[in-house]
There are 2 protein chains.
Amino acid sequence: MAPLGRIPEATVARLPLYLRGLDAFPVGVTATVSSDELADLAGVNAAKVRKDLSHLGTYGTRGVGYDVTFLRFQISQALGVANVWPVVVCGMGNLGRALANHTGFTDRGFPVVAATDSDPNKIGTIVDGVSVHAPGELGDIVRRLDVAIGVISTPAEAAQGTADALVAAGVTSIMSFAPTVLSAPDEVEIRSVDLATELQILGFHLHRNRIAGDA
Amino acid sequence: MAPLGRIPEATVARLPLYLRGLDAFPVGVTATVSSDELADLAGVNAAKVRKDLSHLGTYGTRGVGYDVTFLRFQISQALGVANVWPVVVCGMGNLGRALANHTGFTDRGFPVVAATDSDPNKIGTIVDGVSVHAPGELGDIVRRLDVAIGVISTPAEAAQGTADALVAAGVTSIMSFAPTVLSAPDEVEIRSVDLATELQILGFHLHRNRIAGDA
DNA sequence: AGCCTCTTGTGAACTGATGCACAAGGTGTC
DNA sequence: GACACCTTGTGCATCAGTTCACAAGAGGCT
Ligand SMILES: NC(=O)c1ccc[n+]([C@@H]2O[C@H](COP(=O)([O-])OP(=O)(O)OC[C@H]3O[C@@H](n4cnc5c(N)ncnc54)[C@H](O)[C@@H]3O)[C@@H](O)[C@H]2O)c1
Ligand SMILES: NC(=O)c1ccc[n+]([C@@H]2O[C@H](COP(=O)([O-])OP(=O)(O)OC[C@H]3O[C@@H](n4cnc5c(N)ncnc54)[C@H](O)[C@@H]3O)[C@@H](O)[C@H]2O)c1
């Protein structure tokens, strides 16, 4: 019954999964989906689906389920997927190139519009359709291309400096792959994707099971 | 005072950060670190550091802090970082290549020992020192090279099949980049790294702020 | 020794998220 | 219209994780 109140963080993190789950239904065709089905498609449980959707003020129909088209619209609305948020990739190394070359981002409203790199051999080149600039031009790029999100894929040593430059240019959303802690003002949202840590968490469980197995 | 009880998931996820924070101290030199300092280095707060470390049964010294060398040893012990867990990368495209080429993983005990790809032009080649095999050979590879962790960087359509093959070969730890839900037996630990979702979460906050700003 | 300062370890309150269970409300059939 | 059948929406209990606040312990200084 919440018309448009605050949406819990945990719910926000699942909305994209629901949206993706709805891709299983053809567009334009009238269909309904139950919380049970959607739960399967998104890999969560049905109670969570219902509670999450209730935060959107979305009304399904009791006895029937949710109208797929309307639900898609509601979630898109909440996430603001109609917007296009231009992305700048800082550090066109192995990872940066993979990101820039990835079509899935552009499709979902996150086009990579420019890149920076400190390597003189890369500056001025165009990689996968993305032009590479000197780090010093970051401020210009952000303003000129209306960049909303900065991706940090530089070595860890350069990450904080890059973050500072992004913040100085007015970017308030950062996704970082550098294995280091970044500091920034509170209003800047930083999502740190730490793959080495992910592997270490897997390693922890392997280690624990091995010990348990031996005992 | 917990000697070696169950460690909460949230704590496990932070242990690698503490370990990384301790890199700020030179090895072999005697030094102590307070929960406050370590909190800064890991980007969390001091209370969390103390509670987390208390789960390891680690004892710091009141009035002084934690002995850096001993703490490093304790956390390493808990995470089992002394072990080496061989990794197979499934899908040597943009992302797979970046991962295979990344030295940071090998350094931390996660060497990429082989890869698979369905592209006949890639099968049989060696990319960045990693030999690429046909998907059908996955079982052999896992057994022969004692693979512990499977990375899925295939297109989403091929992800479930790849996961099934990994599980059939006895792999119980999977890190997936494919934007899809994977099903597997309960004993298999799957960590899904969904970059498009991460961006959408950033997009949600941008969207919300934009609305708030207009109001 | 006595005292002061520092920092840990932890009980306890609090917060946010999860999952259960069921009444409320809708559909379809006879 | 009445009844049988579904599935939502939500109140409530529960759980995990976070944060506070402080007593207890350790070192150092006089
Ligand atoms: N490649 C992976 O699979 C992987 C996995 C986990 C984490 N990471 C992390 O992601 C980051 C990038 O990894 P990578 O493998 O692409 O490294 P890389 O060395 O291939 O690329 C880094 C790029 O950043 C550029 N660079 C350096 N300083 C810069 C600056 N100040 N501004 C802009 N560009 C700058 C370099 O010239 C280089 O091209 C690293 O922090 C790494 O630890 C990478
Ligand atoms: N590149 C990125 O930055 C990025 C970002 C987010 C998510 N992803 C996801 O990661 C995955 C890989 O992305 P990518 O950009 O590397 O794609 P890609 O198309 O460059 O690479 C995919 C590779 O997988 C191989 N492949 C196909 N079927 C296979 C199978 N059954 N077994 C083994 N290999 C198989 C293909 O031959 C290809 O080489 C995709 O699911 C993508 O959605 C990538």
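Just so we're on the same page: letters track the sequence lines, and every chain starts at 1. Here the structure is a predicted model, which is why all the values come from computation and not from measurement.
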Of all heavy-atom pairs linking B/Ile7 and B/Ala78, the shortest is CD1-CB, 4.5 Å
Whole-Å distance between C/dG9 P and B/Leu56 CG?
-> 11 Å
Could you state the CG-C1' distance from A/Leu38 to D/dG9, rounded to the nearest angstrom?
-> 15 Å
Can you tell me if the side-chain N/O atoms of B/Arg14 get under 4.0 Å from OP1 or OP2 in D/dT18?
-> yes
Round to the nearest Å and state the distance from A/Asp67 atom CG to D/dT7 atom P.
-> 16 Å
If you look at every strand shown and take non-hydrogen atoms under 4.0 Å, does B/Ser35 touch a base, only sugar-phosphate, or nothing?
-> sugar-phosphate
Should B/Tyr66 be listed as having a side-chain N or O under 4.0 Å from OP1 or OP2 of C/dG9?
-> yes
Value in whole Å for how far the P atom of C/dT7 lies from CG of B/Asp40 = 13 Å
Nearest-nucleotide check on DNA chain C, A/Thr61 vs A/Ala10; residue mapping nearer the 5' end is A/Ala10
On DNA chain C, check which nucleotide each of A/Arg62 and A/Pro8 is closest to and give me the residue with the more 5' one.
-> A/Pro8
Nearest non-hydrogen partners of B/Ala115 and B/Ile141, listed with the distance | O-CD1, 4.4 Å
Just to confirm, is there a sub-4.0 Å distance from OP1 or OP2 of D/dT19 to any side-chain nitrogen or oxygen of B/Lys51?
-> no
Any B/Asn45 side-chain N or O less than 4.0 Å from OP1/OP2 of D/dT18 | no
Among D/dG27, C/dT7, C/dC20, which nucleotide sits nearest the side chain of A/Ala47?
-> C/dC20
Taking all non-hydrogen atoms of both residues, which atom of A/Val89 and which atom of A/Ser153 are closest, and how far apart?
-> CG1-OG, 3.6 Å
Integer-rounded Å distance: D/dT18 C1' and A/Glu9 CD | 16 Å
Rounded to the nearest 0.5 Å, how far apart are CZ of A/Phe204 and CG of A/Asn209?
-> 9.5 Å
Taken to the nearest whole Å, CZ/A/Arg50 to P/D/dC6 is 15 Å
Of the non-hydrogen atoms in A/Ala148 and B/Leu206, which two are nearest, and what is the gap between them?
-> CB-CD1, 4.0 Å
Return the value, rounded to whole Å, for the distance between atom CG of B/Leu71 and atom P of C/dT8.
-> 11 Å
Please report, rounded to the nearest Å, how far the P atom of C/dT18 is from the NZ atom of A/Lys48.
-> 5 Å
